[in-house]
Amino acid sequence: MSERYNPAAIETKWQTVWEEQGIDKTQMDEGKPKWYALTMLPYPSGDLHTGHWYAYTPSDAAARFKRMHGYNVFFPIGFDAFGLPAENAAIKRGAHPAQWTWANIARMRTQLRRMGAMWAWDSEAVSADPEYYKWSQWFFRKFYDAGIAYREYAPVDWCPTCNTTLAREQVWGDDRHCERCGTPVIKKNLEQWKFRITNYADELLDDMAQIDWPERVKGDADQWIGRSIGAEVTFHTEQGDPLVIFTTRPDTLWGATFMVLAPEHALVDSVTTVEYRSAVAAYKAQAARMDEIERGAADKEKTGVFTGGFARNPVNGEMIPIWIADYVMMGYGTGAIMAVPAHDERDFAFATKYQLPIRRVITGPDGATGPLAEAYAGKEDGAMINSGPFDGTPVEGAVTKVIQWLEEKNLGVGAVNYRLRDWLISRQRMWGAPIPIIYCPTCGVVPVPYEELPVLLPDDAEFRPTGESPLKYHEGFRYVKCPTCGGDAERETDTMDTFMCSSWYQYADVSLYWKKGEPLKADDLPWDKEKGDYWLPVDQYTGGIEHATMHLLYTRFFTKALRDLGVVNFDEPMQRLFNQGMILGPDGEKMSKSRGNVINPDEFVDRYGADTVRGYLMFIGPWDMGGPWDMNAIEGVHRFLHRVWGVVTDDPQMTNPTLDPNITPVWNQAIRSLLLMMAPIFPHISEELWHVEGNTSSVHLQRWPEADLEKAQEDEVVVVVQVNGKVRDKLTVAPGTDATVLRKQALALENVTRWMAGKQVQRDCGA
RNA sequence: GGGUCGGUGGCGGAAUGGCAGACGCAGCGGACUUAAAAUCCGCCGAGGCAACUCUUGUGGGUUCGAAUCCCACCCGACCUACCA
């Protein structure tokens with residue numbers, strides 16, 4: 001008789017012991033293969049929710065499993081700690097965002113420890129720590145030196161009343177008004193810092209073939225990068241200005257009946273005639289208030305206005321009208337298109353609405369040449385018509401032929417376009433890593449010297465209700481001497497996008513806060529080389545699907561840029577990626593406070609212990625699927641642990657009364673294997689029972705049990721006999737029984753003879 | 001419109017060409033108990049007295065044999081979308 005299973009007591013006990021004995025401390029034993037397992041670092045929101053538990057439990061179980069299989073496992077944790085919520089909290093409470101952030105981190109650490117995961121706590125990276133963002137700034141500086149970082153005017157949402165830039169989530173409603181004062185937001189061009197991620201577009205696309213990532217993520221990234229192949233063709237306005245358009249269908253050039261410019265296009269004013277000036281100006285003003293996302297709403301009816309101007313189509317000399325419309329984006333291609341309504345859905349809709357001509361230049365798959373009821377955009381079937389020298393050319397392959405012809409005639413060139421834009425990293429916010437740049441009236445843009453990093457965030461920042469970054473008001477931060485000429489200069493007051501800081505935490509983890517307190521140099525290696533060579537790259541990365549495009553694309557870009565700078569020697573930061581599914585509320589809906597279906601994991605840990613919660617989450621179903629939280633099913637896992645406890649501690653209620661003393665060693669061996677195999681999922685109870693069994697070293701440092709296949713060999717096997725695919729009888733025979741013997745025996749079976757009556761064997765499985 | 005994943009008992013799910021429904025939940029019966037909880041044992045897709053028959057979203061196909069492979073369709077979830 002012994003004590004009942006009491007998870008609360010044993011879990012706290014073992015967490016303390018493990019920490020004291022340092023059993024989860026990362027080793028670098030060269031004799032063992034390494035395994036770098038990483039989960040996306042959490043944002044310190046202040047509470048560990050079901051999603052965190054579901055992300056970390058299987059990651060931890062897998063890491064433990066690998067360790068028991070003889071790997072050196074590195075399994076770090078940390079916090080992606082910059083971001084807007086801290087600033088909002090600061091404005092609300094008048095406290096510094098650092099205070100809120102670090103308090104939340106402290107709270108989440110306690111919650112995380114309750115999970116009993118094998119995290120390498122001594123590698124806990126916090127991106128808001130100056131020793132971390134010192135390196136974020138060092139990377140910025142390297143990118144600046146390499147020409148990867150550059151400054152450009154880019155549109156931001158601007159509130160003219162508050163006199164400040166707004167983040168996307170601060171712009172509300174269909175009319176796009178300011179969150180605080182309700183004033184309609186306008187677009188404003190500000191000089192901002194960007195990274196040339198587009199230089200890597202092809203590589204980011206093509207290298208996906210060499211990484212083991214879910215198709216979904218690859219598909220999303222593929223679409224996000226959006227490579228399309230076509231041609232740039234130069235039209236000329238009446239005024240003689242070249243007007244370049246991008247098209248993927250140069251084979252339809254002869255069907256262009258009008259042109260459309262983005263409202264922001266540079267030639268709009270010069271092509272607009274006097275009588276259309278006011279209409280054009282009004283349309284431009286309206287378009288300026290919407291961002292591209294809104295303009296891109298697919299179901300929105302197309303609008304536009306005629307400019308009064310015309311341009312000449314280079315392939316046939318026709319003068320066609322120029323319109324402006326917000327369905328053409330300034331940020332894609334050249335911001336101008338030729339409109340071929342007969343063979344493009346959008347152009348068709350626009351032409352129909354504004355009664356513009358539609359000219360067919362591709363026959364239907366059946367050779368049809370008549371008027372169209374809808375656009376025909378097929379690229380495989382049909383032939384070119386009304387297209388001068390190309391009449392009769394089959395559509396398939398026509399694009400290449402026309403591009404060649406355009407190039408020969410000097411009318412256009414083959415071109416590739418991407419949806420992907422350069423990465424805008426400037427944020428007009430305080431709680432981020434300051435961009436290490438100084439503006440000097442004499443020397444211009446001057447990067448902060450490497451030795452002077454980090455540029456520290458002031459700890460006495462004052463949050464005013466204007467919403468503008470406190471860095472702008474902070475004189476000590478803002479006004480500096482120019483590092484080059486020593487004259488009066490100003491610091492950049494924008495901070496970096498938090499995605500910048502999360503793009504390299506897999507490297508930060510390797511040797512945390514490397515060169516702490518030391519001045520940096522341009523040719524530093526940002527982590528301990530020996531450790532980096534051993535651990536990098538990440539073997540298994542896990543996290544939510546919501547990062548399919550932004551974070552994952554950025555971190556891949558970051559690694560490729562570092563490779564070009566000679567810092568790393570591989571192309572991809574994470575070899576394998578796995579996305580966990582989502583745990584829904586008991587009602588099968590996404591958990592939300594408004595629905596009142598939020599499950600607080602702490603309550604279940606209090607009631608059943610962490611091992612039960614871990615086990616429940618592990619067995620809920622396939623990890624990438626998730627599913628609803630089942631209030632009852634968790635009981636089953638808890639019962640299982642109680643039974644295991646009873647069996648091992650000889651609870652009379654559980655003890656098998658028929659157990660023969662002769663098989664005690666076998667029984668003990670079975671218990672031993674059971675505990676070893678439970679260890680990755682149920683780390684605490686297996687450790688406790690492992691010690692109850694008389695072991696003194698940790699169960700987690702043992703090797704996974706190996707099966708002796710010879711001993712597991714069956715003396716007899718059941719062979720199922722099917723007639724016409726239906727099970728009719730069974731044979732019990734010795735393993736390895738010869739096929740001809742089996743066949744003979746099978747045919748002799750009573751059930752089989754009955755079903756075979758009057759029939760011959762046509763074919764059999766041929767075993 | 002494009003992409004990805006999925007559809008199997010009352011429920012979560014197993015089985016990836018060879019005994020469909022492992023395991024768990026719920027349910028039913030029994031043991032223990034004054035009683036209940038807990039625990040333990042048994043039953044648990046549908047029909048049929050039985051032999052058997054039917055059953056993996058629907059319809060076809062391949063195969064000795066299909067939840068699994070192929071074709072067409074229906075339904076659902078998530079992501080994405082005026083990208084020229």
Side-chain angles (χ1 to χ4, degrees), chain A residues 4 214-228 230-233 245-250 252 256 259-260 262 292-303 325-340 343-350 377 415 417-421 545-546 548-549 579 581-582 584 588 590 615-616 619-622 624-640 642-643 646 651-657 718-730 751 754-755 761-767:
Chain A
R4 286 185 62 78
E215 280 311 311
R216 247 171 106 194
V217 175
K218 289 188 184 183
D220 283 0
D222 200 298
Q223 209 165 84
W224 188 265
I225 296 167
R227 175 163 62 193
S228 51
E232 282 185 1
V233 184
I245 57 108
F246 175 75
T247 177
T248 54
R249 294 296 303 275
T252 64
M259 303 190 76
V260 186
E292 291 193 0
I293 304 277
E294 293 219 342
R295 280 164 54 169
D299 46 358
K300 183 174 168 275
E301 198 177 337
K302 290 176 182 35
T303 59
D326 64 9
Y327 80 90
V328 174
M329 314 292 164
M330 195 56 226
Y332 184 78
T334 61
I337 61 161
M338 62 160 180
V340 184
H343 306 291
D344 182 279
E345 247 177 77
R346 295 151 298 168
D347 298 344
F348 190 93
F350 196 82
N417 251 295
Y418 304 89
R419 272 188 32 151
L420 182 72
R421 316 287 170 80
I545 185 74
E546 67 274 15
T549 44
N579 302 114
M582 203 192 299
L584 307 170
K590 203 169 167 170
Y616 168 65
F619 290 110
I620 206 165
D624 52 348
M625 304 260 231
W629 181 276
D630 187 333
M631 295 292 192
N632 292 317
I634 193 167
E635 291 274 0
V637 179
H638 198 55
R639 272 179 220 156
F640 167 74
H642 268 289
R643 277 197 290 270
D651 184 328
Q653 218 174 9
M654 308 280 185
T655 306
N656 188 338
V718 174
V719 177
V720 172
V721 183
Q722 296 181 343
V723 180
N724 279 336
K726 289 195 172 23
V727 179
R728 295 305 180 187
D729 214 330
K730 290 170 190 184
N751 281 345
R754 201 166 81 237
W755 286 97
V761 173
Q762 302 290 325
R763 255 167 292 180
D764 62 26
C765 66

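Here is how names work: the chains are called A, B, and so on, in the same order as the sequence lines, proteins then strands, and each is numbered from 1.
Side-chain atoms of Pro622(A) lie closest to A14(B) of the nucleotides C19(B), A14(B), A26(B). The side chain of Gln223(A) sits closest to G2(B) out of C19(B), A26(B), G2(B). When the nucleotides C25(B), C40(B), C79(B) are ranked by their closest atom to the side chain of Asp630(A), C25(B) comes out on top. In the set C52(B), A81(B), U4(B), the nucleotide with an atom closest to the side chain of Asn751(A) is C52(B). Side chain of Glu215(A), nearest nucleotide from U4(B), C82(B), A81(B): U4(B). Checking C82(B), A14(B), C52(B) against every side-chain atom of Tyr327(A), the shortest atom distance belongs to C82(B). Closest contact between the side chain of Arg421(A) and the listed nucleotides A84(B), G3(B), C83(B) involves C83(B). Residue Arg346(A) places its side chain closer to A84(B) than to any other of G13(B), A84(B), C52(B). The side chain of Lys302(A) has C82(B) as its nearest neighbour among A20(B), A84(B), C82(B).
Residue Arg728(A) has no polar side-chain atom (N or O) positioned under 4.0 Å from OP1 or OP2 of C19(B). Dashed line: the shortest gap from a side-chain N or O of Arg754(A) to OP1 or OP2 of C52(B) is under 4.0 Å. Between Arg639(A) and the phosphate of A38(B), there is no side-chain N or O to OP1/OP2 separation shorter than 4.0 Å. Phosphate contact (OP1/OP2 of A84(B), side-chain N/O of Ser228(A), threshold under 4.0 Å): present.
Using a 4.0 Å heavy-atom distance criterion, Lys730(A) is classed as a base contact. Pro628(A) comes within 4.0 angstrom of no nucleic acid atom, judged by non-hydrogen atoms across all strands. Val720(A) comes within contact range of at least one nucleobase, with a heavy-atom separation under 4.0 Å. Residue Trp755(A) is classed as a sugar-phosphate contact, given heavy-atom separations below 4.0 Å to backbone atoms only. Across all strands, Phe619(A) comes closer than 4.0 Å to no nucleic acid atom at all (heavy-atom distances).
The closest side-chain heavy-atom distance from Met338(A) to Thr252(A) is below 4.5 Å.
Contact annotation: side chain of Gln722(A) to base of G18(B), donor-acceptor pair present below 3.5 Å.
Between the CE atom of Met631(A) and the C1' atom of A26(B) there is a distance of 15 Å, given to the nearest Å. Across the protein-nucleic acid pair, Met625(A) atom CE and G12(B) atom P stand 12 Å apart, rounded to whole Å.
Considering only residues two or more places apart in sequence or on other chains, Asp344(A) meets the side chain to side chain contact (heavy atoms under 4.5 Å, CB included) condition with Arg346(A), Asp347(A). In terms of the ring-ring contact (aromatic ring centres under 6.0 Å, His included) criterion, Phe246(A) has no residue partners (sequence neighbours excluded).
Stems are defined here as 3 or more consecutive Watson-Crick or G-U wobble pairs with pairing distances under 3.5 Å; those involving RNA chain B are B:1-7 with B:74-80, B:10-12 with B:23-25, B:27-31 with B:39-43, B:45-47 with B:52-54, B:57-61 with B:69-73.
Remark: the separation of the C1' atoms in G57(B) and U8(B) is 10 Å, to the nearest Å.
Anti is the glycosidic conformation of G29(B), whose angle departs from 0 by more than 90°.
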